[in-house]
Amino acid sequence: MRSLPARRLAAVALTAAASVVALAGPAFAHVTVNPGAAAQGGYTAVDFRVPNESDTAGTVKLEVNLPLDHPLASVRTLPLPGWTATVEKAKLDKPIKVHGNDVTEAVAKITWTADAGTKIAPGQFQEFRVSLGPLPTDTDNLVFKTLQTYDNGDVSRWIDESKEGQPEPAKPAPVLKLTKAAEGDGHGVTASPAAGAHEDSSDHAASAGDAKSSDSTARTLGVVGIVVGVIGTAVGVLGLRRKNGGSAS
């Protein structure tokens, strides 16, 4: 009978550890832009990384809305087997200058629709690659509000904007951070949206993406450390109770 409280304590500790893991899990399942940063004024290639969060349904459609307050004149999708990409454009209230020419419309939304028999299944993720540019020079980030549709009709709305000093929202919109181009590095402004220019700009932003990946790894290790600590404490208390119980007898 003396061991009953110790067993209860261990059960509570294990439940707490499971709760920590459950709370931490969703933080790593957001729709994100990778790499997460690029140089202002240039071109870049990014992946919209889409994890499937459902245990019973598959993702069959992705809609990415591009910001028209900071329009992008050149937007191109990389063909993805099993998916059909549709690009929608919108007229701009105010034309923008690109390489000396007036641009009066820009891409407002990209929709990827899964072909028959294709989906992002439970436990999987997919990356949707896009080249973008020229990136604006009058803002430090681009927000891409995104809708993720499942084959059971459910829709995850990744549209909430994160605010400095406040907790991250439950469904944050993917964000591409824009950094000042280093003077004379050749990455800030590209003469034309050539494939090579896109690749160079993507490489230039890779270090920021690596930093974001390292941050996610650190958070994961932190969670694991908490769980191990909780379980270790429970085991230690249980052992002490058994020792004290044995001495009393």
Side-chain angles (χ1 to χ4, degrees), residues 15-42 44 46-55 59 61-72 75 90 93 106-111 120 125-128 130 132 135-150 154-181 202 204-230:
T15 300
S19 298
V20 169
V21 173
L23 289 173
F28 308 123
H30 298 161
V31 174
T32 56
V33 179
N34 297 278
Q40 293 178 342
T44 190
V46 300
D47 294 313
F48 289 95
R49 186 172 297 164
V50 182
N52 194 86
E53 292 187 312
S54 174
D55 294 329
T59 297
K61 185 166 72 172
L62 183 73
E63 300 168 79
V64 176
N65 293 278
L66 281 67
L68 290 179
D69 55 343
H70 298 290
L72 299 166
V75 177
D93 295 333
V107 173
K109 183 167 74 171
I110 307 173
T111 302
I120 308 174
F125 75 94
Q126 181 63 61
E127 292 182 335
F128 300 84
V130 181
L132 307 169
L135 300 174
T137 57
D138 57 348
T139 184
D140 59 4
N141 66 73
L142 292 176
V143 179
F144 301 92
K145 296 185 177 183
T146 301
L147 303 183
Q148 179 182 8
T149 301
Y150 291 87
D154 290 346
V155 178
S156 289
R157 300 173 60 83
W158 303 96
I159 62 174
D160 298 327
E161 296 189 37
S162 300
K163 296 182 179 179
E164 189 174 354
Q166 295 185 12
E168 184 179 60
K171 295 289 185 180
V175 176
L176 176 65
K177 299 291 185 182
L178 300 180
T179 60
K180 295 290 185 182
S202 180
H204 182 71
S207 59
D210 292 342
K212 183 175 181 180
S213 176
S214 298
D215 179 63
S216 295
T217 301
R219 288 190 295 169
T220 302
L221 293 175
V223 171
V224 172
I226 294 173
V227 173
V228 171
V230 171

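Keep in mind it's a predicted model, so treat the numbers as computed, not measured. Residues: numbered from 1 along the sequence shown.
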Inset, instruction - Could you tell me which non-hydrogen atom of Leu68 sits nearest to which non-hydrogen atom of Ala90, and how far apart they are? - result: CD1-CB, 3.8 Å
Legend entry - Candidate list Leu66, Thr146, Asn65, test side-chain contact (heavy atoms from CB on, under 4.5 Å), partner Lys109, passing option: Asn65
Legend entry - Non-neighbouring partners of Arg49 that pass side-chain hydrogen bond (donor to acceptor under 3.5 Å, both in side chains), sequence neighbours left out: Glu127
Legend entry - Distance (rounded to the nearest 0.5 Å) between Leu176 CG and His70 NE2: 12.5 Å
Legend entry - Any side-chain heavy-atom pair of Arg157 and Lys145 under 4.5 Å: no
Inset, instruction - For the pair Leu72 and Val107, evaluate side chain to side chain contact (heavy atoms under 4.5 Å, CB included) and give the outcome as yes or no after the intermediate values. - result: CA-CA 7 Å; Leu72 299 166; Val107 173; over 6 Å; no
Inset, instruction - Rounded to the nearest 0.5 Å, what's the gap from NZ on Lys180 to CG on Asp140? Could you check? - result: 9.0 Å
Inset, instruction - Spell out, as yes or no, whether a donor-acceptor pair under 3.5 Å connects the side chain of Gln40 to the backbone of Thr139. - result: yes
Legend entry - For Ser156, side chain to side chain contact (heavy atoms under 4.5 Å, CB included) partners two or more places apart: Glu53, Gln148, Tyr150, Trp158, Lys171
Legend entry - Any residue meeting side-chain hydrogen bond (donor to acceptor under 3.5 Å, both in side chains) with Asp47, in chain and number order, not counting sequence neighbours: Arg129
Legend entry - Spacing of Ile120 atom CD1 and Asn52 atom CG [to the nearest 0.5 Å]: 6.5 Å
Inset, instruction - Going by the side-chain contact (heavy atoms from CB on, under 4.5 Å) test, name the single residue among Leu147, Val64, Val50 that passes it with Val31. - result: Val50
Inset, instruction - Can you establish whether the number of heavy atoms outside Asp93 located under 6.0 Å from its atom CG is more than 12? - result: no
Legend entry - Donor-acceptor contact present, side-chain Asn141 to main-chain Val175, <3.5 Å: no
Inset, instruction - Please examine the side chains of Phe144 and Val130, heavy atoms only from C-beta on, and report whether any two atoms are closer than 4.5 Å. - result: no
Inset, instruction - Test Val46 against every option in Leu132, Thr32, Leu142 by the side-chain contact (heavy atoms from CB on, under 4.5 Å) rule and name the one that passes. - result: Leu132
